[in-house]
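Side chains are part of it too, since the values below use all heavy atoms of this structure and drop only hydrogens, waters and symmetry mates. So that the names make sense, note that chain A is the first sequence line, chain B the second, and so on, each numbered from 1.
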There are 2 protein chains.
Amino acid sequence: MIKYAILGLLHYKNMHGYRIKKHIEQNFGHMWSINYGQIYPNLKKLEQDGLIRMTQILQNDEKGPPRKLYSITEKGKKDFAAWLHASPEKSMLLRDPFLMRFVFFGFGDPERALELIDEQIALYEQQMERRRRNLKKWKKSGGYVRLMGELGVSLNEMFLQWLNRARSEILKDKTGETSHPSGTQKRSIAR
Amino acid sequence: MIKYAILGLLHYKNMHGYRIKKHIEQNFGHMWSINYGQIYPNLKKLEQDGLIRMTQILQNDEKGPPRKLYSITEKGKKDFAAWLHASPEKSMLLRDPFLMRFVFFGFGDPERALELIDEQIALYEQQMERRRRNLKKWKKSGGYVRLMGELGVSLNEMFLQWLNRARSEILKDKTGETSHPSGTQKRSIAR
DNA sequence: CTGATAATATATACTTTCTATATATACAAA
DNA sequence: TTTGTATATATAGAAAGTATATATTATCAG
């Protein structure tokens, strides 16, 4: 999929790897983060396959080594268009080391569970501000990119609400019935 | 992270690979889907590291080849507990081939974009039913697992709302100003 | 002016995750 | 008897993600 993120960005303008990473993080980087170790091998492969081409090496006028500017080829545009109009094969994938812990909190210390929830709340409140700021920038720009930004804000809001609800439920359970903590899992998995 | 999903599940009871996959999908499989190609190599590695142990080979009373039952060791429990109480290193990752297309819909055919959105709406309405059904089962079970199920439902609801909003906005844009489609991206990426 | 630090940029080795496919067992149906 | 289907394990290979090395230049401290 990184392949198509790169091909898509090169529709806007010619870019070098470093810039591509910045754009990926700023545009659909709400829930995405990418690495140089993913960018450069992909650029190499795409060039080998003739989907992109290195057009020029720019001497960096600020600092650092020269930039390798890539542009998309006709073949690349065709490949991208075919992908864009195809029905997505796979569905949404959400992976979160916090949520992975959450389902198992019943095996751990409820105090620590609450601490970790508070960490998450703080983290996503911070992120919320950043996302709202970015949204203002996108208000002017193309519809799809703006809508994507709005999804990021909605997701963040929903998650914060859920975290707060979880927090108060666990707190209630802990103080209310210390002898029968419903959070203590034994064989409570659905079959 | 799959490592800890396996170690976590083995806290409930001894299991074989096939059963572990089913449980992963049914418990936190809202946004997760796992493959045998991820299960068996992990079981192998965990056994080598002494975190789990193959306790018995059960002759399958239904059909198919014998099952290899694994149990968690003391070392495994210690490793799991340390992970459970640690602050998560990385943050939420959302990867979705539909959303990846969505940000680039401006480079494609708006008609097709609407079709793909409708596909997603149909898909998530189906999923919504399944999730609500599962939620009823979890009402009885442990707090954390149930809360996790509720997150799945909230996420699904929010996403469906967003899809419908996106749908009507794109439709409005298309019929309203055919000469100035705001969906047509040129250089509308945030810097 | 020399050396340390920081920002820009590319590159590669390695690990984990994911996909695809092969193999074995047994029951049921055609 | 072959074909299909459900159960179960296993492995090869591709894609994604992490960690780290290297090069270039500006800036600032000593």
>> For residues 81-90 of chain B, which residue pairs pass the side-chain hydrogen bond (donor to acceptor under 3.5 Å, both in side chains) check, not counting sequence neighbours?
In response: Arg101(A)-Glu89(B), Arg112(A)-Ser87(B), Glu119(A)-Ser87(B)
>> Once side-chain hydrogen bond (donor to acceptor under 3.5 Å, both in side chains) is applied, what residue pairs with a partner in residues 67-76 of chain A remain, sequence neighbours excluded?
In response: Asn60(A)-Arg67(A)
>> Going by ring pair (Phe, Tyr, Trp, His ring centres under 6.0 Å), name the residues that satisfy it together with Phe159(A), two or more places apart in sequence or in a different chain.
In response: Tyr124(A), Trp162(A)
> Could you give the CG-to-C1' distance, from Leu58(A) to dT25(D), as a whole number of Å?
Replying inline: 16 Å
> Over how many whole Å does the gap from His23(B) atom NE2 to dT7(D) atom C1' extend?
Replying inline: 16 Å
Who passes salt bridge (Lys or Arg N to Asp or Glu O under 4.0 Å) against [X], sequence neighbours left out?
| X | value |
| --- | --- |
| Glu111(A) | Lys174(A) |
| Asp96(A) | none |
| Asp118(B) | Arg167(B) |

Output all residues satisfying side-chain hydrogen bond (donor to acceptor under 3.5 Å, both in side chains) with [X], sequence neighbours left out; order by chain, then residue number.
| X | answer |
| --- | --- |
| Glu157(A) | Arg132(A) |
| Arg165(B) | Glu150(A) |
| Tyr4(B) | Asp79(B) |

> Between Lys21(B) and dT7(D), does any side-chain N or O lie under 4.0 Å from OP1 or OP2?
Replying inline: no
> Should the pair Phe102(A) and Phe105(A) be assigned to parallel (<30°), tilted (30 to 60°) or perpendicular (>60°) ring geometry?
Replying inline: tilted
All N/O contacts under 3.5 Å from nucleotides 4-6 of chain D to the protein, with atom names and distances to one decimal?
none

Identify each atom pair where a protein N or O and an N or O of nucleotides 15-18 of chain D are less than 3.5 Å apart, giving names and distance.
| unit_1 | atom_1 | unit_2 | atom_2 | d |
| --- | --- | --- | --- | --- |
| dA16(D) | OP1 | Met1(A) | N | 2.5 |
| dA16(D) | O3' | Arg95(B) | NH1 | 3.2 |
| dG17(D) | OP2 | Gln38(A) | NE2 | 2.6 |

> From the 5' end of DNA chain C to its 3' end, which nucleotides mark the outer limits of contact with chain B, defined by a 4.0 Å heavy-atom distance cut-off (strictly under)?
Replying inline: dT17(C) to dC27(C)
